[in-house]
Amino acid sequence: MNERFTGTFTQQEPIPEEAIEAAVAVMRSGRLHRYNTVGDDPGEAALLEREFAALMGSRYALAVASGGYALATALRAVGVGPGDRVLTNAFTLAPVPGAIAAVGAVPLFVGVTEALVIDIDDLAAKADRADVLMLSHMRGHLCDMDRLMAVCAAHDVTVIEDCAHTMGAAWNGVPSGRHGLVGCYSAQTYKHVNSGEGGFLVTDDDAVAARAVMLSGSYMLYGRHLAAPGPEAFEAVKYDMPNISGRMDNLRAAILRPQLRALAVQVNRWNERYRTVEDGLRHTPGLTVVERPPQERYVGSSIQFLLLDWAPDRVREVVRRCAARGVELKWFGAAEPAGFTSRYDSWRYAPSEPMPRSDRILAGLLDMRLPLTFSLDDCALIARVIRAEVSAVFQA
Ligand SMILES: *Cc1c(COP(=O)(O)O)cnc(C)c1O
């Protein structure tokens, strides 16, 4: 009898009791809107921002309605407008090119390497064609950030980081989101903290922070923020920024504050699971493990491996056989986008040039979530299933 996995790849942990109690208190107060506060209570959203800035070591933080909203706000705040080109990863998720399209700009895709990070040589070749890079740390893989920042500085390219999969990660000790001018994060259910929907933006730049606060829909109440620049920064921008409402509310903020305090513990739990699967997959014939560089502190909330140069039918067969044993693999090489996986050539609103080297990687790329509801035994079992089915198809 073949072993079968019976867990659910989309099942997250419950919201912590402390967060539920805080949320109930906000609901009892009726004061859910972030600016609907009394006396000297700053409100949950303002407190959350102060705590997030402290966690990331940034001067400023803004909590917003979603990660995608944070990305679009960052683009607007650095001055990207209709018709501008924005460099971004060919391997990312739909909200990234979507944020670029939301401001009327046009993505210019940069290739992906076997390490699943942006191809810095390709970036250098294209860097003179745009002023901004929206760098997506897709599936938590960090590129050589020192080299990337040097290339961008040499070409005068402003970097906005998409840290939807790297909240809690770092490169050479610098938190992800703190290399570029702006870092953006998501608090959506599948990311590293869970408020259903939600996002953050961090920066040290006074003007960018003030513009972002105004854009998010602060009216003239920006003085209530605890992680925003002083009034002078707002004087300079307050008549020029449209209100594009996308605020964080006190209810979600209440749910998130205790989760931020637990983030470091959760990161360790994810990484135990990641290493268990990784160890189980190592030395499987035909399968390439994605090695993590020593400078990278990652968050293993998902894992990827490559079946490089396999015929599509055989990859499909691996996916089918693993699914039959309860192991859900997402394949980035499928002809049609499905679920959350789509490719640069599926975003037809964005022009793209053919990228054969990236296509080769995506054609062999398999991806799997590792929710914290999985035990280490679950992870070992999942790795045994994948190993057995990849070996069987490889040898057939
Ligand atoms: C989830 C995600 C986002 C956007 O987050 P939302 O909060 O869902 O808008 C951005 N980039 C990547 C890579 C993501 O996975």
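Note that these values count all heavy atoms, side chains included, but never hydrogens, waters or copies made by symmetry. Start at 1 and go down the list; that is how both ligands and their atoms are numbered. We number each residue from 1, following the sequence as shown.
The aromatic rings of Trp347 and Phe109 are tilted relative to each other, their planes meeting at an angle between 30° and 60°. Classification of the Tyr185-Phe200 ring pair by plane angle, with boundaries at 30° and 60°, yields perpendicular.
Residue His165 places at least one N or O, backbone or side chain, under 3.5 Å from an N or O of ligand 1. On a distance-only criterion, Ser186 and ligand 1 share at least one N/O pair closer than 3.5 Å. Geometrically, ligand 1 and Ala164 share no nitrogen or oxygen pair separated by less than 3.5 Å. At under 3.5 Å, a nitrogen or oxygen of Gln188, whether backbone or side chain, sits near a nitrogen or oxygen of ligand 1. Looking at Lys191 next to ligand 1, an N or O pair under 3.5 Å apart turns up. Among the atoms of Asp162, some N or O lies under 3.5 angstrom from an N or O of ligand 1. In terms of polar-atom proximity, defined here as any N/O pair under 3.5 Å, Ala187 makes no such contact with ligand 1.
A distance of 14.5 Å separates CD of Glu197 from OH of Tyr69, quoted to the nearest 0.5 Å.
Residue, atom and distance of the protein heavy atom nearest to atom 9 (O) of ligand 1 are Gly68 N, 2.7 Å.
Aromatic pair Tyr35/Tyr219: centroids not less than 6.0 angstrom apart. In this structure, the ring of Phe394 has its center less than 6.0 angstrom from the ring center of Trp310. For Phe374 and Phe5, the ring centers sit closer than 6.0 Å to each other.
Under the 4.5 Å side-chain criterion, counting only non-hydrogen atoms from C-beta, Glu317 is not in contact with Glu389.
Here is the list of ligand 1 atoms found below 4.0 Å of a heavy atom in Val96: 11 (N).
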